[in-house]
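In what follows, chains carry the letters A, B, and so on, assigned in the order in which the sequence lines appear, proteins first and then strands, with residues in each chain numbered from 1. The structure displayed is predicted, hence computed values, not measured ones.
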Amino acid sequence: MIGEDKMAENIAEKLAQKQREISIAEFFEKNRQILGFDSSTRSLITSVKEAVDNALDACEESGVLPDILVEIQKVDRDNYRLIVEDNGPGIVKEQIPRVFGKLLYGSRFHALKQSRGQQGIGISAVVLYAQLTSGRPTAIYSKTGKNKEAHYYELVINTKTNEPEILMEKIVPWDRPHGTRIEVEMEGTYVRARKQSIYGYAKSTAIVNPHARLTLIEPTGDTQVFERATEVLPVEPCEILPHPEGIELGTLIRMLRDTERRRLTSFLTNEFARIGHKTAKDICARAGIDPDVNPSDLSRDQAKRLLEAFKIVKIIAPSTECLSPITEELIRKGLEKEYDVDFIATTTRDASVHTGNPFIVEAGIAYGGSLSKDEKTDILRFANRVPLLYQQGGCASTHAVEKINWRNYELLQPGGSGIPQGPAVILTHVASTNVPFTSESKEAIADIPEIVDEIELAVRDVARGLKNYLAKQKILAKRKEKEEIIEKVLPKLAEKVSAATGEPQPDILPIVAKIMGNVLVQKTAEQGENTSIVTIRIKNFSESQKEFKLHQVSAEEIEDPSPKPRVSSFDGQFDAIWKISIKPNAEKRVRYTVKSGQSTSANLLVEGILAEMVTGADALPKKRASERGKA
Amino acid sequence: MSAGEELVKAKKEKDGLTKQRLLQIIKTIYDQFAKEQIPQLLIPTRTKSNIAFNEESEVWVYGERESARSCKTVRGAYSLLKSSYTIEFLNKQLEENRSSTLRELYYISEGWKLAKFREQPESDRMIEDLEIITELQRENFHVRPEENGATIFGPIRIKENVERRGQVSERVIHCIDDVGEGGYQIPYNVDNLDFVEHDAKFVIAIETGGMRDRLIENGFDTDHDAIIVHLKGQPARSTRRLLKSMNERLKLPVVVFTDGDPWSYRIFASVAYGSIKSAHMSEYMATPAAQFIGVRPSDIVNYDLPTDKLSDQDIRALQSELTDPRFGTDFWKDEIKLQLELKKKSEQQAFASRGLDYVTDVYLPERLTSLGII
């Protein structure tokens with residue numbers, strides 16, 4: 001027995017010797033892939049992404065239209081230098097080392113607000129990756145205002161303490177009025193051709209951030225400017241209080257402990273969104289807790305009962321004012337400037353809620369133009385305006401697209417399911433105070449049913465727009481085809497057959513009306529000795545009843561008209577007007593007489609019917625119609 | 001009136017009739033214009049699902065189904081316009097007593113702007129359409145195919161009536177004594193041919209040149225009193241008409257000897273039953289009494305012939321033949337199914353594997369005996 005005790009003690013002591021704090025570098029080394037640094041290609045893209053996300057967030061928060069430079073230079077065989085410079089508010093001198101040189105240091109983690117970065121890992125992970133792979137420090141320039149000095153730092157992260165280690169610190173001249181510039185050297189591979197590239201990231205970013213100007217200088221020296229399409233900044237999302245729905249026990253207990261409120265009801269109404277006095281009382285009653293109790297006195301069990309009461313008592317959905325969707329108009333502008341297409345449809349859905357977090361889904365579809373017909377449709381996925389480049393197959397956005405039967409929307413879908421094929425680009429954007437990603441590298445949205453459903457509805461909405469557009473195109477194409485028959489082939493055929501038979505050339509007007517499904521208006525004149533008898537034949541070759549006014553304008557008044565028209569005169573001319581109402585396939589005739597020698601060839605005009613629906617008469621000019629209206 | 005003059009007069013009358021019928025098509029279109037109907041021409045649908053067996057003539061002709069070439073569609077409208085140009089051209093050609101080849105017609109359309117044919121098969125089809133509507137043949141339009149070089153060789157004397165620049169002359173030719181080894185070339189218009197005399201017992205039509213040469217070298221024509229006709233692949237109309245008239249006017253049995261693959265069976269079918277593309281001509285061109293010698297799929301087994309594998313196209317062609325009414329007999333169904341099982345095909349010349357004389361000394365005599373011809 002004693003021996004056994006001794007042994008257990010020995011093992012515990014041995015283990016204790018091994019137990020120590022894990023260094024941040026070790027943590028990073030083991031978790032590179034979940035942070036997006038798994039391959040040399042992806043590491044470079046992730047670094048650009050983290051730096052640009054920060055730059056955009058900073059500009060927007062300070063109300064500046066972003067103007068961001070991304071430059072990638074090749075240093076040697078394996079290493080690249082990445083430079084990202086913005087015109088944002090800059091960072092105050094004291095904060096610079098920690099923003100870049102300490103992991104998990106950030107301003108947004110505790111705020112319930114839609115923003116690109118959240119955890120404060122991103123940019124410092126870039127700094128760490130750079131120093132681990134190239135052995136070089138990161139250089140930072142920052143200036144907070146026109147009359148302020150620009151600060152320059154060279155720093156690395158002390159991987160034992162997770163604290164910045166400043167290698168150089170000085171004041172430098174910098175011609176920018178304000179902004180931040182970061183220069184990092186790291187191992188990487190630069191690719192261009194595919195969607196998963198820095199170029200692809202920049203293009204996607206430009207689409208959903210049409211207020212930003214993005215300049216990309218590639219290692220080859222090629223410069224690509226993604227120009228902005230609007231001068232208006234997106235509405236700055238506001239912070240909101242947490243919504244009781246979906247909050248976790250640990251968080252609730254922490255809030256109960258930290259609050260300065262003295263009474264439970266006051267705690268509930270002031271620290272949560274959407275809880276009023278009455279609701280607070282209901283919750284307390286349901287949880288069986290005195291509403292006047294001091295929140296910090298609540299036991300774990302009581303906290304748990306409170307949490308359950310949240311689920312039972314009806315609490316209205318969280319406010320969506322904190323969200324900043326791109327808007328239908330700007331998604332359209334973004335797609336328009338980056339793609340050469342024939343058609344674009346966009347939609348912004350109403351806000352919904354998943355596990356206590358409000359979210360909005362937006363979608364867009366671009367079709368035709370120079371897009372390839374034979375390939376799978378590109379899906380551009382975004383979350384809080386950040387393009388998602390990797391893990392397309394594991395993302396809720398992709399799953400929602402795959403659920404749709406695209407054949408109903410005139411796109412090919414080999415096998416009847418999956419990503420459609422055709423000259424289209426589908427865009428999805430999920431904006432939320434908390435986008436549920438499948439992993440820390442934030443490349444795929446988790447399959448939360450509420451989110452998948454909303455994405456599907458949004459995509460269906462734009463797909464319907466596409467379907468309507470294509471249906472209209474089909475009709476137009478048919479009409480164009482018919483015009484070819486009518487304008488080119490029929491006249492020639494009529495000429496040929498009359499020449500071969502020696503008969504007078506037939507009037508093709510009735511055939512034209514028939515082919516077009518139009519109303520035929522055909523005027524013929526019979527020359528008499530002193531008078532000419534004019535007959536206007538009206539035949540409805542369309543499939544619906546047609547009602548319109550027929551105008552005959554002439555210098556002299558017509559005689560013996562049958563039926564009798566209403567006659568008005570203007571500019572010394574007479575305008576005979578017949579009201580025509582004609583059923584499908586019906587035929588009507590109007591007759592009148594004019595003196596011989598008088599022209600009978602004046603054009604017939606119609607009013608109250610689309611000119612394209614009539615063969616043999618022109619539309620009454622709008623001007624004259626309105627003048628008549630005044631008279 | 002001399003015989004020549006009579007011939008010219010008869011020809012003129014025939015040309016007049018042709019012109020009238022062609023003009024009737026134009027008049028139909030004109031009348032449709034006048035009656036405010038959308039111009040259209042109705043033509044029998046030319047697919048294998050629209051051919052029917054005519055009990056009387058024992059050949060396959062078009063069924064009841066018709067397709068419209070209508071001005072309602074762009075294609076139809078152009079087709080009508082092209083018809084009107086083509087008819088204008090043909091009538092002028094008849095007027096001037098000239099003729100042209102199918103290929104020339106295609107090139108002539110170059111100057112028709114909108115009505116220009118896109119490719120020769122389109123102008124060829126146009127002529128076929130006009131044949132169907134007028135119930136005439138393209139020879140009546142003075143349109144002839146390119147010479148395809150099909151020949152005949154054997155104990156028969158033929159009289160050719162040749163008209164050139166209004167002068168009619170006669171030529172009498174014996175198809176062994178008066179011709180070279182190549183044989184007598186079949187002209188495009190066999191209406192101008194008469195049979196004078198012959199010593200033949202049957203006619204054998206052969207698909208490939210190699211086999212035809214083998215039969216001539218081995219003296220098959222004299223040994224068996226046979227007229228050897230070289231089909232040269234899918235036979236031209238003139239070849240088929242010549243076979244038909246030798247069968248009907250000279251009462252000579254006709255046998256067909258081809259490769260053993262689906263395309264060759266179609267050659268036999270067009271000789272015996274008429275082709276799908278020109279079923280309107282079947283009554284003038286098909287020889288229902290013609291018999292198939294081989295190569296039959298069962299020959300591949302019975303004579304243990306060298307083979308090739310069936311290609312995917314071959315297999316599709318065989319399967320299509322199973323639903324082709326012309327191959328609806330038990331004989332063809334069994335043979336085609338057998339071949340699909342074997343997945344193999346053989347050429348005529350595969351018999352050479354048993355020696356150069358095997359085909360003339362053994363295979364053909366055996367087959368001809370079993371068909372009751374010798």
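Ion pair Lys496(A)/Glu88(B) flagged as a salt bridge, since at least one NZ, NE, NH1 or NH2 atom sits closer than 4.0 Å to an Asp/Glu carboxylate oxygen.
The neighbour count for Glu135(B) CD, taken as heavy atoms of other residues, nucleotides or ligands under 6.0 Å away, does not exceed 12. Environment of NZ in Lys14(B): sparse, with no more than 12 heavy atoms of neighbouring residues, nucleotides or ligands closer than 6.0 Å. Other residues, nucleotides and ligands place more than 12 heavy atoms under 6.0 Å from the CD atom of Glu559(A). For Lys376(A), the NZ atom is loosely surrounded, since the number of other residues' heavy atoms within 6.0 Å does not exceed 12.
Taken from NZ in Lys492(A) to OH in Tyr78(B), the straight-line distance is 12.0 Å, to the nearest 0.5 Å. Distance CG/Leu493(A) to CD/Gln32(B): 9.5 Å, rounded to 0.5 Å. Distance CD/Glu36(B) to CD1/Ile508(A): 12.5 Å, rounded to 0.5 Å. Distance CD1/Ile485(A) to OG/Ser70(B): 8.0 Å, rounded to 0.5 Å. Summarising the geometry, atom CG belonging to Leu490(A) is positioned 5.0 Å from atom CZ belonging to Phe33(B); distances are rounded to the nearest 0.5 Å. Taken from NZ in Lys72(B) to NZ in Lys482(A), the straight-line distance is 9.5 Å, to the nearest 0.5 Å.
Proximity to chain A involves both the backbone and the side chain of Ile38(B), based on heavy atoms less than 4.5 angstrom apart. Residue contact with chain B, scored on non-hydrogen atoms closer than 4.5 Å, involves the backbone and the side chain of Glu503(A) alike. Within the 4.5 angstrom heavy-atom criterion, only backbone atoms of Thr73(B) (N, CA, C, O) approach chain A. For Leu81(B), the parts lying near chain A are the backbone and the side chain together; criterion is any non-hydrogen pair under 4.5 Å. Leu509(A) does not touch chain B: none of its heavy atoms, backbone or side chain, sits under 4.5 Å away. Contact of Ala494(A) with chain B is made through backbone and side chain together, with heavy-atom distances under 4.5 Å.
Interface check for chain A: of the options Cys71(B), Ser84(B), Ala34(B), the most heavy-atom pairs under 4.5 Å are formed by Cys71(B). Ranking Ile26(B), Asn91(B), Ile29(B), Leu80(B) against chain A, the residue ahead of the rest is Ile26(B), based on heavy-atom pairs under 4.5 Å.
There is no side-chain donor-acceptor pair under 3.5 Å between Tyr30(B) and Gln505(A).
Closest approach of Gln37(B) and Ile511(A) over heavy atoms only: O-CD1, 3.0 Å. The two residues Lys27(B) and Thr501(A) come nearest to each other via the heavy atoms CG-CG2, 3.9 Å.
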